[in-house]
There are 2 protein chains.
Amino acid sequence: MPTLKKYAYPMIAVDVVLFTVKDDHLHALLIKMKKHPYENMWAAPGGMIKGDETPDDAAARILRDKTGVHDVYLEQLYTFGEVNRDPFGRVISIGYMALVPSDHLELATNGEYDGVAWLPVNKLPALAYDHTQMIALAADRLQAKLGYTNIAKALLPAKFPFSHLQHIYECILGKTLDKRNFHKRMLALGLVAKTREFEKNVPYRPAQLYRFKHTELMYVDML
Amino acid sequence: MPTLKKYAYPMIAVDVVLFTVKDDHLHALLIKMKKHPYENMWAAPGGMIKGDETPDDAAARILRDKTGVHDVYLEQLYTFGEVNRDPFGRVISIGYMALVPSDHLELATNGEYDGVAWLPVNKLPALAYDHTQMIALAADRLQAKLGYTNIAKALLPAKFPFSHLQHIYECILGKTLDKRNFHKRMLALGLVAKTREFEKNVPYRPAQLYRFKHTELMYVDML
DNA sequence: GCAAAAGTGTTATGCGTACACCCATGG
DNA sequence: CCATGGGTGTACGCATAACACTTTTGC
């Protein structure tokens, strides 16, 4: 095995695209950069992988350290390796997609960085590195996975009104869905079930709360 | 950016799982290893990424140098980073899936390594590294993509009898398909079209040859 | 003429889609 | 009593799945 020299072989990093659905739109958690040539540009949180951690571990650590967000759904997305993707050196980056329910997102903006913010994915400014492409890929993947998995679980609290679930789908797919058909489908697939609880303190008829029946990621036929 | 030291940060490699359909089964091209602790065990061809090449470039180079196979369909699969996956050091590997038509495979076994062979994927021995898992993931991905893309193009020559196409599907999906329905579907989706040519020198009624209508990877609704 | 694979349509059933009205609650 | 969202069933049309016999060639 060859000895490592600076730039002789690439370094390996992770970048994490964290999504939530908020204010009727899909948002990504981004950090404002300080270093030239990306000063004042936004980027997904990222960092080098250490010698004693897996890429999954690194993604969780970096997300926690840079944004305060922890215990979220994380999945590997794609590995980006264009030779000039990073102006600071030859770095290959494993992109991750992460998801949080929007009612946890207070934690995120309380972090140690003030340049951390949720930006709506459909009108992002130019981003640092290849992060525009990375976020687009993550959004495509999320959209696709809504159609054949129970991944929406990661965007909702444990118990939720059914309409919130539908709203998540509508925001990410960018189209409205028929209420009755969507309800029928979700139940027929066995993805969610009623609880005995109801919404409280709402100025309209309280909705029954639902929960996802499975904890782990499930593959099913919907769309 | 930190200075690189041996093991302080992981190294980055690629491994290529090359598939073909041959003798009624999906086969993978594997190399017999010499180094302890994997002596005489089989592994997918792999190697380090150089400082001036992308992971895609590295995958193509390694496949060419180690097996003689070139100009094949290549797609990134998943990045494997368990801390102890490689007994020779801390190496993170970007797994690739590659596909060739079985009538090109003479090239492969003519390479510089005599320990190169096509092994049937459904009865592999124990493999080096995490390559058992890598091949299983690649096979799952291939199977899934048959259902929503024209990826089978990469497993066939430019012109082919329709039954060969169906045979590819049947070998990879592991089930038989109805001839008339399959034919109807493929044409309705516009994936393939008839040519004016026919099979030659066969001891039965010569089949009309078909071709894929699109060069690039297409996404469609089948299953 | 025999073996081997090519080629070709119709029918039934189930699934997806479209669609509208009444209900419960808080203010 | 009014506003707001919650909750629920049916009918139609299309797409999928099941299914068998005739044709062409080489030997």
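Not measured: the values here are computed from a predicted model. Naming convention: chains lettered A, B, ... in sequence-line order (proteins, then strands); numbering from 1 in each chain.
The base of D:dT16 is not paired with the side chain of B:Lys184 by any donor and acceptor separated by under 3.5 Å. On a pure distance criterion of 3.5 Å, no polar donor-acceptor pair joins the side chain of B:Arg180 and the base of C:dA6.
Among the heavy atoms of the strands lying under 4.0 Å from A:Asp178 is at least one base atom, whether or not backbone atoms are also near.
D:dG6 atom P lies 13 Å from atom CZ of A:Phe160, rounded to whole Å. Between B:Phe162 atom CZ and D:dT23 atom P the separation is 22 Å, expressed in whole Å. Atom pair A:Leu177:CG and D:dG6:P shows a separation of 15 Å (rounding to whole Å applied). The CE-P distance, from A:Met186 to C:dG16, rounds to 13 Å in whole Å. Whole-Å rounding puts the A:Phe198 CZ to C:dG26 P distance at 12 Å. Regarding A:Asn201, its CG atom lies at a distance of 16 Å from the P atom of D:dG5, rounded to whole Å. Counting to the nearest Å, the P atom of D:dG9 and the CZ atom of A:Arg185 are 18 Å from each other. Atom NZ of A:Lys179 and atom P of C:dC23 are 14 Å apart (whole Å).
Of the side-chain N and O atoms in B:Lys194, one or more sit less than 4.0 angstrom from OP1 or OP2 of C:dT8. A:Ser163 has no side-chain polar atom (N or O) that falls below the 4.0 Å cut-off from OP1 or OP2 of D:dG5.
Side chains of A:Tyr96 and A:Asp56: a donor-acceptor N/O pair is present below 3.5 angstrom, by distance only.
The neighbour count for B:Glu82 CD, taken as heavy atoms of other residues, nucleotides or ligands under 6.0 Å away, does not exceed 12.
Distance CD1/B:Ile135 to CG/B:Asp140: 12.0 Å, rounded to 0.5 Å.
Along DNA chain C, the nucleotide closest to B:Pro203 and the one closest to B:Gln208 are compared, and the more 5′ of them pairs with B:Pro203. Along DNA chain D, the nucleotide closest to A:Arg205 and the one closest to B:Val202 are compared, and the more 5′ of them pairs with A:Arg205.
Residue B:Asn181 places its side chain closer to D:dC19 than to any other of D:dC19, D:dG26, C:dG16. Across D:dT23, C:dA4, D:dG5, the shortest atom-to-atom separation from the side chain of B:Tyr204 is found for C:dA4.
Ion pair A:Glu75/A:Lys145 flagged as a salt bridge, since at least one NZ, NE, NH1 or NH2 atom sits closer than 4.0 Å to an Asp/Glu carboxylate oxygen. Salt bridge A:Glu53/A:Arg61: present, at least one basic N to carboxylate O contact under 4.0 Å.
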